[in-house]
Amino acid sequence: MRSTVALLLSLAISNAVAAPPKREQIMLLQGKPAGQQIVETTRDGGTRVEYQYSDRGRGDHLKTEWTLDASGIPIEYKGSGHNYLKVPVDETFSLRDGKARWKNDSEQGEKTLTAPAFFLPLNATPEIQGVLVRALLKAPERKLALLPAGEARLDAAGTLDVSTAKGPATLSLYRVSGLDYTPGSVWLDAEGHTAALIMASGWVSILSPEYKDSLAKLIEFQERAGADWSLKLARELTHTPKGPLLIRNARLYDPRDLSVTPNTSVLVEGERIVRVGADAALKPPANAEILDAGGRFLMPGLWDVHKHYGDADGAMDIANGVTSSRDVANNTDAFLDKVKRFEAGTEIGPRVLAAGFIDGPGPYAGPTRMLVDTPEEAIKAVDWYADHGYMQIKSYSSLKPELVPVIADRAHARGLRYSGHVPAFMSARQFIEAGADELQHILFVELNFLYPRVQETRTMARLTEPAAHAAEFPPERAEVRDFIAFLKRTHTVLDPTMGIAEDLFAGDPQSKIPPGLKTVAPRLPPQARRNLSWGSLKVPKGEEHAYAQSFPTMLRVLKALHDAGVTILPGTDALAGYMLHAELILYARAGIANAEVLRLATLTPAQVLGVDKDRGVIAPGKLADLVLIDGDPIRDMNDIRKVDAVFKGGKRYDPAQIEKALGIVPRKAAPAAAN
């Protein structure tokens with residue numbers, strides 16, 4: 001039953017309560033001010049919104065205007081400015097005489113409407129989400145078609161009483177389905193105005209200033225609503241064998257010797273593997289549940305070592321065979337609760353190792369509470385992470401170079417690894433010599449060759465300079481060979497995130513789909529696939545050839561690194577699960593043998609991160625984290641996408657069921673081109 005407050009709110013909106021002439025909201029990254037949103041009512045009754053924020057030298061700056069009809073649906077819209085990567089934005093929409101028309105840098109279309117439909121801009125200011133909720137509250141059954149495609153549905157998730165300087169207030173939480181893989185959350189005040197938008201477990205918050213002191217309560221309430229949704233999903237989609245599980249007739253891949261053995265059986269009891277052997281030699285226990293693999297490819301669970309967990313990431317990882325991962329920067333509150341839910345099975349997700357995020361203060365500081373400026377502060381931050389179960393430290397670009405050895409020494413003393421972005425005004429070689437064990441992103445290998453000419457790497461220069469000059473440093477060049485030998489000699493690990501590099505340097509600036517997701521994107525929810533890309537770099541005039549050769553050269557460098565014996569760990573920093581497949585396909589495209597690519601994605605991370613006692617191989621005593629593939633990734637790495645079943649600790653997950661629950665068209669139900 002709807003609460004009295006929610007009912008009154010709906011009535012208030014239905015009676016078109018006028019918005020105040022001007023509302024100013026603050027934008028927070030990890031609770032720290034980073035920008036603002038200003039919402040104004042124009043003289044003709046329309047709305048004007050300006051939204052801007054700064055995130056490490058990047059960030060949106062958008063100016064938008066719109067007019068609504070009596071049902072709260074946009075009939076005119078225009079937006080301009082620039083997006084997160086400073087790419088210009090120009091977007092328009094109109095609805096006249098029943099015909100909708102829209103245009104932006106990557107979309108253009110028109111549609112004759114026979115029923116109401118709500119246009120969602122590609123580069124929207126946050127306030128548009130509040131507009132959508134208010135329109136849904138008026139819509140029949142709280143549903144609306146979306147333009148360019150999709151459907152939005154609204155559910156009330158409860159109310160929360162908070163205190164403000166003006167007195168007590170009651171906020172209502174609404175959850176909108178159809179925009180992403182999981183419902184999004186919007187808070188409205190008692191008058192129906194947008195009070196707060198909280199995303200990624202509080203990583204990003206946009207809210208009216210009077211609610212800032214209540215942010216922790218809002219996040220807790222919102223996270224609880226999300227956890228309830230995830231719990232329901234886990235209960236429906238986790239299949240637990242009633243007794244032992246016997247997988248028969250599999251082609252078993254072993255990353256220790258790169259062998260593939262047909263006609264193999266695997267016996268699982270509880271969460272662990274108890275026997276592996278030939279089908280003829282392994283008899284099923286009397287009460288065993290038997291799964292006939294039908295000659296399909298059975299391999300250890302995959303790893304993604306570069307994660308930032310958000311709402312649907314855990315389920316999407318499992319659907320794609322990722323049973324282990326490392327999160328390398330997240331908030332220090334809700335994230336740990338999510339990991340506990342993964343461990344307990346109350347939310348679908350992999351086994352997660354955590355790296356604590358540290359940066360230095362300043363205008364380009366990363367979104368973390370752990371900003372350190374002195375050795376004492378650095379040591380205190382490392383100790384906090386060590387005391388809270390983190391296994392690694394990841395530092396960032398604004399850290400003072402002189403604090404790198406302080407963090408490295410303290411991390412190692414506490415039994416933690418140390419990795420990161422190379423701090424500005426420091427080379428990758430200097431970073432490693434100061435104690436770092438690992439580099440994130442192939443970018444910092446390339447930037448090492450540009451040092452000391454390029455030292456300010458906190459800005460967009462860390463992207464544009466490699467784009468313009470990476471082709472000048474092929475693996476044959478002496479300084480490249482020397483640096484590769486240095487990485488091997490110092491046992492430095494590389495988490496290259498090649499899929500992100502391909503998106504940035506080899507993608508289409510007019511497209512919102514990374515090259516690695518072209519075949520997957522048609523299966524994803526219509527609104528979700530509109531912003532899959534980080535945003536490919538726009539090529540300056542006269543630099544077309546240099547930009548075009550940058551990513552192919554990076555692939556050649558990756559192959560040279562692997563051939564030299566430098567340890568490579570696959571990570572994504574992008575769309576969960578699906579992008580990990582794209583990452584592995586790029587390794588194969590670089591020339592690394594497919595069987596070795598699979599070892600990099602299974603056993604190697606377990607060894608480097610110290611959990612190979614339990615993971616990385618299908619063998620007696622190991623955790624039963626398995627992936628059944630309907631194809632042969634040894635022959636064709638593209639087959640890694642054909643995940644048929646996933647086991648985590650012996651519990652089985654059907655990828656098609658998970659995908660359907662997340663609004664994704666299952667692989668086998670999609671056209672052949674989407675496989």
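All values reported here derive from a predicted model rather than from experimental measurement.
In this structure, CG in Asp632 is found 12.0 Å from OH in Tyr253, a value given to the nearest 0.5 Å. Here the straight-line distance linking atom CG of Leu237 with atom NZ of Lys232 works out to 9.0 Å at 0.5 Å rounding.
In summary, Arg351 and Asp614 do not engage in a salt bridge, as defined by a charged side-chain N under 4.0 Å from a carboxylate O. Ion pairing between Asp639 and Arg635 holds under the 4.0 Å rule for side-chain N and carboxylate O. Note on Arg296 versus Asp644: salt bridge recorded, some NZ/NE/NH1/NH2 to OD/OE distance being below 4.0 Å. Comment: Glu438 engages Arg326 in a salt bridge, judged by a side-chain N to carboxylate O separation of less than 4.0 angstrom. The residues Arg153 and Glu151 are annotated as salt-bridged, a charged nitrogen and a carboxylate oxygen being separated by less than 4.0 angstrom. Between Lys307 and Asp573, no side-chain nitrogen of the basic residue sits less than 4.0 Å from a carboxylate oxygen of the acidic one, so the salt-bridge criterion is not met. Arg481 and Glu476 are not joined by a salt bridge, as no carboxylate oxygen comes within less than 4.0 angstrom of a charged side-chain nitrogen. Of the charged side-chain nitrogens involved, none lies within less than 4.0 Å of a carboxylate oxygen, so that Lys622 and Glu271 do not count as a salt-bridged pair.
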Review point. What do the steps show when you test Ser259 against Asp254 for side-chain contact (heavy atoms from CB on, under 4.5 Å), and what is the final call?
Key: CA-CA 5 Å; Ser259 64; Asp254 191 332; 3.6 Å; yes
Exercise for review: Test Glu659 against Arg523 for salt bridge (charged side-chain N to carboxylate O under 4.0 Å, His left out), laying out the working first.
Suggested key: CA-CA 9 Å; Glu659 289 182 322; Arg523 299 200 283 120; 3.0 Å; yes
Practice item. Just do the salt bridge (charged side-chain N to carboxylate O under 4.0 Å, His left out) check on Glu347 and Arg235 with the steps written out, would you? Key: CA-CA 9 Å; Glu347 182 172 345; Arg235 286 174 173 170; over 6 Å; no
Practice item. Starting from the C-alpha separation in whole Å, work towards a yes-or-no answer on ring-ring contact (aromatic ring centres under 6.0 Å, His included) for Tyr385 and Tyr390. Key: CA-CA 5 Å; Tyr385 284 123; Tyr390 288 72; 4.7 Å; yes
Pair up each side-chain donor or acceptor in residues 558-565 with any protein partner under 3.5 Å, not counting sequence neighbours, and list the distances.
from, atom 1, to, atom 2, distance (Å)
Lys559, NZ, Asp563, OD1, 3.2
Lys559, NZ, Asp563, OD2, 2.6
His562, NE2, Glu596, OE1, 3.1

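Identified under the ring-ring contact (aromatic ring centres under 6.0 Å, His included) test for residues 308-350, with sequence neighbours left out: His306-His308, Tyr309-Phe342.
Of all non-hydrogen atoms in Ala619 and Val276, the two that sit nearest each other are CA-CG2, 4.1 Å.
Looking at Asp333 and Asn331, their side chains never bring a donor and an acceptor atom within 3.5 Å of each other. Counting only N and O atoms by type, the side chains of Gln657 and Tyr653 include no donor and acceptor under 3.5 Å apart.
Taking the six-membered ring where tryptophan is involved, the planes of Tyr578 and His581 are perpendicular, since the angle between them exceeds 60° and thus also 30°.
You'll find the ring centres of Tyr418 and His412 outside the 6.0 Å limit.
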